[in-house]
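These notes are about the structure you will find just below.
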Amino acid sequence: MPSILAYDLGASSGRALLGRLNNRIIEVEELHRFGNDPVGVGDRLQWDILRLFHEIKQGLLKAKHAGETPASLAIDSWAVDFGLIGRGGELLGNPYHYRDHHTDGVMERTKARLTTEMIFGRTGIQFLPFNTIYQLAALKEANSPLLEGAERFLMIPDLLRYFLTGEMHNEFSNATTTQLYNPLEGRWDQPLLEAIGISPSLFGDVVQPGARVGQLRPSLMEELGIGAVPVYAAAEHDTGSAVAAVPALERDFAYLSCGTWSLMGTEIDQPIINELAQELNFTNEGGVYGTYRLLKNIMGLWILQESRRAWERAGQSYSFPELIAMAEKAPAFAALIEPDDPMFLHAGDMPARIRQYCVSTGQTPPATPGEIVRCILESLALKYRYVLELTERLSGKSFSGLHMVGGGIQNVLLCQWSANAIGKPVWAGPVEGSALGNLVVQWIAQGELSDIWEARKVIRESFPVVVYEPQESQLWEDAYGKFRALTGLI
């Protein structure tokens, strides 16, 4: 079978994977893996978008050197961030990182002016301070020259596809994350754009996952010495691709896409936009083939990753397996945090912030790296239970367990503790969920798979799923009560 290429770009690393469908078994080969570190310049934190494009080209070269001619390629990435294209098709500046401080306070000011009800009622998207709407509003407040020269708005995968093909399209799953797309009307929301002072003319047609959106530019083919490769739109928000790859057998399932961020929810046919969804701050993001992802963001393993970086800066280098082993030996439930407290959003000395949080809530702060990591992982597992219960309440569904996908499932302690916390089985796998979702959307578009349910069955037959059964039920039940009391999540 011919191979296809999936680029999966996360907030800390990216990878190019070659996929083959061989007798209904998916074979995946990692061609290229690379770091994706934001760059601080002055007061701004930005993405090195040209370096990312260079790495995408390296993936194509490595495919060529391996004797492969991919039948197609697609890209998925994190959401909300974007580039602006000016006159002559030039990129105007490096895209800002969603953790940059230029949006500080903007969400609150925008909500006060437009009202929470208007924004949520028109978009169904949860309120997060780095949403695209607030990034654009921040540029407008600052009278940014970027807006003065902008002619088109492209999100990160849109932008990289434009570099590859010369064609500009906005993809559906990522467009919905902006809090500027109206799912009830099926288009960019002109009243919201005009209310924040942004011209609707910047926003182009919205294409669905599986659409063919061009092929490699002739200049790129000449540069790399390769032939024409068709380019498709995947579910270009990486969570949309990860959910497409959930190997569920039942139609009603709960998922947790686990990585730098944890995203928990369920797949639905129509967005749920009502007072309860707004009150619980859930989101309705676009999925594949007419579906929506009713979900909630949880801070995720970012807190652990940033803690590890803080220890490295202090001259203490630990591998993730070493940290997990130390956490397993630390005392249980000695301290707990609310992972989604705003103090954990931005980069910095996370261990110090964890200790500060514990002191402010009357707890003895964790001292050693093992104690801090245990605090993080136990708190995440307990927050997963809280959000799973909210998901059942809002969707009207009852879930028999939780599907966990993504790189975070390599943390077996987190998987087991998640099962303990929710009191139900956790089905962990596959690890490369986003890349697999990217691949199967391409195969469906090419007629190699009939639909998403056949794709999920093939994924389940191709990759192992590890089952974690709940343990120590009463201990975790008591800890959940303590967690809710400490965090105020009543």
Side-chain angles (χ1 to χ4, degrees), residues 9 11 36-53 77-115 118-119 122-123 125 127-163 168-171 174-182 187-206 236-237 342 345-347:
L9 309 180
N36 181 21
D37 297 313
V39 180
V41 181
D43 294 331
R44 297 276 72 87
L45 188 64
Q46 300 169 322
W47 294 108
D48 193 349
I49 194 69
L50 298 184
R51 167 56 56 177
L52 288 177
F53 183 56
S77 86
W78 67 97
V80 304
D81 292 337
F82 59 91
L84 296 171
I85 303 297
R87 186 180 305 169
E90 296 285 343
L91 175 64
L92 303 177
N94 287 309
Y96 287 173
H97 191 291
Y98 59 84
R99 295 190 196 273
D100 184 83
H101 285 280
H102 79 128
T103 56
D104 289 356
V106 176
M107 181 178 74
E108 290 74 18
R109 290 193 293 275
T110 305
K111 287 167 65 177
R113 187 162 53 88
L114 303 184
T115 76
M118 176 195 176
I119 298 170
R122 301 191 71 85
T123 66
I125 295 297
F127 289 90
L128 296 169
F130 47 73
N131 284 351
T132 312
I133 183 175
Y134 311 118
Q135 295 195 42
L136 287 167
L139 294 179
K140 187 67 178 179
E141 285 186 9
N143 294 314
S144 171
L146 295 174
L147 288 177
E148 294 176 12
E151 295 186 354
R152 282 297 301 272
F153 163 97
L154 296 175
M155 302 191 76
I156 297 299
D158 302 331
L159 181 58
L160 293 168
R161 270 193 287 100
Y162 167 62
F163 290 163
M168 288 188 273
H169 304 276
N170 295 115
E171 183 273 331
N174 236 353
T176 61
T177 71
T178 61
Q179 213 168 27
L180 287 166
Y181 183 88
N182 190 320
R187 61 186 178 185
W188 297 108
D189 195 279
Q190 185 167 333
L192 271 179
L193 286 165
E194 291 176 346
I196 63 170
I198 302 297
S199 172
S201 66
L202 296 180
F203 297 80
D205 63 304
V206 176
E236 290 189 343
H237 182 198
L345 175 62
H346 294 294

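Counting from 1, the numbers follow the sequence of the chain as shown. Below, each value reflects all heavy atoms present in this structure, side chains not excepted, and no hydrogens, waters or symmetry copies.
Distance NE2/His237 to CG/Asn174: 6.5 Å, rounded to 0.5 Å. Taking CD1 from Ile119 and CD1 from Ile133, the interatomic distance works out to 5.0 Å, rounded to the nearest 0.5 Å. A distance of 8.0 Å separates CG in Asn36 from CD1 in Ile49, rounded to the nearest 0.5 Å. One distance of note links CD of Glu236 with CG of Asp158; it measures 5.5 Å at 0.5 Å rounding. Rounded to the nearest 0.5 angstrom, Met168 CE and Leu159 CG are separated by 10.0 Å. Here the straight-line distance linking atom CD of Gln190 with atom CZ of Phe203 works out to 11.0 Å at 0.5 Å rounding.
In this structure the side chain of Lys140 reaches within 4.5 angstrom of the side chain of Leu147, judged on heavy atoms. The shortest distance between side-chain heavy atoms of Arg113 and Ile196 falls below 4.5 Å. Residues His346 and Leu45 form no side-chain contact, since every pair of their non-hydrogen atoms from C-beta on lies 4.5 Å or further apart. Under the 4.5 Å side-chain criterion, counting only non-hydrogen atoms from C-beta, Phe163 is in contact with Leu50. Between His102 and Gln135 there is a side-chain heavy-atom pair separated by less than 4.5 Å. Using a 4.5 Å cut-off on side-chain heavy atoms (C-beta onward), Thr177 and Met155 make contact. Looking at Thr178 and Phe153, their side chains come closer than 4.5 Å, going by heavy atoms from C-beta outward.
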What donor-acceptor contacts under 3.5 angstrom involve side-chain atoms of residues 89-96, with partners at least two apart or in another chain?
none

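Between Arg152 and Ser201, the closest heavy-atom pair is CD-O, 4.3 Å. Contact detail for Trp78 and Ala11: the closest heavy-atom pair is CE3-N, 4.3 Å. Between Thr115 and Met118 the shortest heavy-atom distance is OG1-N, 3.1 Å. Looking at every heavy atom in both residues, Leu193 comes nearest to Pro200 through CD1-CA, 4.0 Å.
Using cut-offs of 30° and 60° on the angle between ring planes, the pair Trp188 and Tyr181 is perpendicular. Under the 30°/60° scheme for interplanar angles, the aromatic rings of His97 and Trp47 are found to lie parallel.
Looking only at distances, no side-chain donor or acceptor of Thr123 sits under 3.5 Å from a matching main-chain atom of Leu180. With hydrogens and angles disregarded, a donor-acceptor distance shorter than 3.5 Å links the side chain of Arg99 to the backbone of Leu345. Using a distance-only test at 3.5 Å, with no hydrogens or angles considered, no donor-acceptor pair links the side chain of Thr103 to the main chain of Val106. Although no hydrogens or angles enter the test, the distance criterion places no donor-acceptor pair under 3.5 Å between the side chain of Asp189 and the main chain of Asn182. A distance-only check finds a donor-acceptor pair linking the side chain of Gln179 to the backbone of Ile125 [under 3.5 Å].
Side chains of His169 and Asp205: a donor on one and an acceptor on the other come within 3.5 Å.
Between Glu171 and Arg161, no side-chain nitrogen of the basic residue sits less than 4.0 Å from a carboxylate oxygen of the acidic one, so the salt-bridge criterion is not met.
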Q) Could you walk me through whether Gln46 and Val41 pass the side-chain contact (heavy atoms from CB on, under 4.5 Å) check? A) CA-CA 8 Å; Gln46 300 169 322; Val41 181; 4.1 Å; yes

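Of the residues Asn170, Leu136, Leu202, the one that meets the side chain to side chain contact (heavy atoms under 4.5 Å, CB included) test with Phe82 is Leu136.
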